[in-house]
**Q** 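To start, I am sharing the structure in question, which I have written as structure tokens.
Here the structure is a predicted model, which is why all the values come from computation and not from measurement. One is the number of the first residue; the rest follow in order along the sequence.
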Amino acid sequence: MDLGECSKIHDLALRADYEIASKERDLFFELDAVDHLESFIADCDRRTELAKKRLAETQEEISAEVAAKAEKVHELNEEIGKLLAKAEQLGAEGNVSEAQKVLQEVEKVRSRKREAEEEYRNSMPASSFQQQKLRVCEVCSAYLGLHDNDRRLADHFGGKLHLGFIQIREKLEQLKKTVSDKQEKRNQERLKRREEREREERMKRRTRSRSRERRRSRSRERRRRRSRSSSRERRRSRSRSRDRRRRHHSRSRSKGHRRSSRDRSREKSSKHK
């Protein structure tokens, strides 16, 4: 297809740099490639649908049975074209024996095509049969005729446009799978990192909780120590108070005893006199 001059830079050195950088980290340029190729496929599919609508409007309506017979002829034409293109490719590569085998297979398909064309001819009037029935290629959106000869079919199915769209579609499916695998891998890595962060957060919370518990334990221990110390101090204070009272009481009794002894002595002395 004539797409004009490519606006991209085609440089083998840049390609080598990209391939080297891709080994170290994932640049994810496959997403750009997927978008680029999807635009080709979407444009081709739009042309295919428009061509089908145009054919439906211009060609005569036929019954479902006749349409099925015409479709069978188209399918055999497509098979012949693909086999001829394959045989030409094998011949160009020098693989003559394999090319001969493919050509033998072509003869078998041609025989089946003649039978299918005979069935289709018998199901339609001669005037209608002479009309060229077209079909749209599902790969490249080109028109294919029901009565195309083998050369025309081989040129189409072995042509650059048809093969190019086959390559694009295959490459697109491959890139989609690559992107899906990378996204799945990236999601798994993100999930793993999130789990690691959550694990670290849990460890930090446990550490903080243990630290708070140790501080509480030390605080309780200090309070118990202060409480025991206060209890001991109170007991000592009470003991000292009791001792003071005992000493005071003892001194008071001793003074009273000495006073009564002096009084008795005075009384004796006065009586004597």
**Q** Would you kindly say whether Ser219 and Arg223 are connected by a side-chain donor-acceptor distance under 3.5 Å?
**A**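 On atom types as modelled, these side chains qualify, holding a pair under 3.5 Å.
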
**Q** Do Val102 and Leu84 come close enough that some side-chain heavy atom pair is under 4.5 Å?
**A**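 A side-chain contact is absent here, since even the closest heavy-atom pair is not under 4.5 Å.
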
**Q** Carefully, step by step, assess Arg208 and Glu213 under the rule salt bridge (Lys or Arg N to Asp or Glu O under 4.0 Å).
**A** CA-CA 8 Å; Arg208 288 194 295 267; Glu213 185 62 30; over 6 Å; no

**Q** Given the rule that I, L, V, M, F, W and Y join up when any side-chain heavy atoms are under 4.5 Å apart, are Leu50 and Tyr143 in one cluster?
**A**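 No, because Leu50 and Tyr143 fall into different hydrophobic clusters, even though each may have its own neighbours under 4.5 Å.
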
**Q** Hey, what do you get for CG (Leu153) to CD (Glu79), rounding to the nearest 0.5 Å?
**A**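 It is 11.5 Å, given to the nearest 0.5 Å.
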
**Q** Applying the side-chain contact (heavy atoms from CB on, under 4.5 Å) test to Thr48, which of Asp43, Val136, Val139 qualifies?
**A**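 Option passing the side-chain contact (heavy atoms from CB on, under 4.5 Å) with Thr48: Val136.
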
**Q** Any salt bridge linking Glu115 with Lys72? Criterion: basic side-chain nitrogen under 4.0 Å from a carboxylate oxygen.
**A**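 A salt bridge is absent here (no side-chain N lies under 4.0 Å from a carboxylate O).
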
**Q** State whether Arg151 and Glu88 are salt-bridged, where the test is any N-O pair (Lys NZ or Arg NE/NH1/NH2 against Asp/Glu carboxylate O) under 4.0 Å.
**A**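 Judged by the 4.0 Å cut-off on N to carboxylate O distance, Arg151 and Glu88 do form a salt bridge.
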
**Q** Flag the pair Arg47 / Cys140 as yes when at least one side-chain heavy-atom distance between them is below 4.5 Å, and no otherwise.
**A**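 Arg47 does not reach Cys140 side chain to side chain.
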
**Q** Check this for me: Leu14, atom CG, are more than 12 non-hydrogen atoms of other residues, nucleotides or ligands nearer than 6.0 Å?
**A**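 Check passes, neighbour count above 12.
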
**Q** Any heavy-atom pair between the side chains of His10 and Lys8 that's under 4.5 Å?
**A**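 Result yes, sub-4.5 Å side-chain heavy-atom pair found.
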
**Q** Salt bridge check, Arg15 against Asp11: does any charged N sit closer than 4.0 Å to a carboxylate O?
**A**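 No, this pair does not count.
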
**Q** Should we count NZ of Lys177 as having more than 12 external heavy atoms under 6.0 Å?
**A**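 No, not enclosed.
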
**Q** Looking at side-chain heavy atoms only, is the closest gap between Arg152 and Phe157 below 4.5 Å?
**A**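 Heavy-atom side-chain distance check fails, nothing below 4.5 Å.
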
**Q** How far does NZ of Lys101 sit from CG of Leu83, to the nearest 0.5 angstrom?
**A**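 One gets 14.5 Å once the value is rounded to the nearest 0.5 Å.
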
**Q** So which atom in Leu175 and which in Glu30 form the shortest heavy-atom distance, rounded to 0.1 Å?
**A**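 Between these two residues, the closest heavy atoms are CD2-CG, 4.0 Å.
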
**Q** Show your working on salt bridge (Lys or Arg N to Asp or Glu O under 4.0 Å) between Lys185 and Asp181 and close with a plain yes or no.
**A** CA-CA 6 Å; Lys185 182 180 178 181; Asp181 293 342; over 6 Å; no

**Q** Is Arg199 paired with Glu196 through a side-chain N to carboxylate O contact shorter than 4.0 Å?
**A**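 Judged by the 4.0 Å cut-off on N to carboxylate O distance, Glu196 and Arg199 do not form a salt bridge.
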
**Q** Inspect the contact between Lys52 and Glu138 and indicate whether a charged nitrogen and a carboxylate oxygen are less than 4.0 angstrom apart.
**A**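 A salt bridge is present here (some side-chain N lies under 4.0 Å from a carboxylate O).
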
**Q** Can you check whether Leu144 reaches Asn77 side chain to side chain, under 4.5 Å on heavy atoms?
**A**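 In short, these two side chains do not touch, never coming nearer than 4.5 Å.
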
**Q** Going by the rule salt bridge (Lys or Arg N to Asp or Glu O under 4.0 Å), which residues pair with Arg110 if we only count those two or more places apart in sequence or in a different chain?
**A**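 Expected list: Glu107, Asp150.
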
**Q** Can you tell if the side chain of Lys86 reaches within under 4.5 Å of the side chain of Lys82, non-hydrogen atoms only?
**A**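 Answer no - side chains too far apart.
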
**Q** Just verifying a value: how many Å separate Asp155 CG and Lys160 NZ, rounded to the nearest 0.5 Å?
**A**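 With rounding to 0.5 Å, CG (Asp155) is 13.0 Å from NZ (Lys160).
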
**Q** Check this for me: does any side-chain nitrogen of one of Arg169 and Asp45 sit under 4.0 Å from a carboxylate oxygen of the other?
**A**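 Answer for the salt bridge query: yes.
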
**Q** Run the numbers on Lys176 and Glu38 for side-chain contact (heavy atoms from CB on, under 4.5 Å), then give the verdict.
**A** CA-CA 10 Å; Lys176 284 182 177 180; Glu38 279 182 339; 3.2 Å; yes

**Q** How many angstroms lie between CD in Glu200 and CD in Glu198, if you round to the nearest 0.5 Å?
**A**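 Between Glu200 CD and Glu198 CD, I get 11.0 Å after rounding to 0.5 Å.
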
**Q** If we only count heavy atoms from C-beta on, is the Ile41 to Phe165 side-chain gap below 4.5 Å?
**A**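 Heavy-atom side-chain distance check passes, below 4.5 Å.
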
**Q** How many angstroms lie between atom CZ of Arg46 and atom SG of Cys44, to the nearest 0.5 angstrom?
**A**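 So the gap between those two atoms works out to 10.0 Å.
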
**Q** May I ask you to decide whether Glu189 forms a salt bridge with Arg186, counting only side-chain N to carboxylate O separations under 4.0 Å?
**A**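 Looking at Glu189 and Arg186, the cut-off is not met.
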
**Q** Between atom CD of Gln100 and atom CG of Asn95, what is the distance when rounded to the nearest 0.5 Å?
**A**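 Nearest 0.5 Å value for the CD-CG distance: 10.5 Å.
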
**Q** Of all the heavy-atom pairs spanning Ala85 and Ala154, show the shortest one and how long it is.
**A**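 Heavy atoms only, the tightest pair is CB-O, 4.3 Å.
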
**Q** What closest approach, in Å, do Val109 and Leu76 show between heavy atoms, and which atom pair accounts for it?
**A**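 Heavy atoms only, the tightest pair is CG1-O, 3.8 Å.
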
**Q** Which ILVMFWY residues can you reach from Leu12 by hopping between side chains whose heavy atoms are under 4.5 Å apart?
**A**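 Cluster partners of Leu12: none, it stands alone.
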
**Q** Decide yes or no for Arg194 and Leu191: does some side-chain heavy atom of the first lie under 4.5 Å from some side-chain heavy atom of the second?
**A**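 Yes. Closest side-chain heavy atoms under 4.5 Å.
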
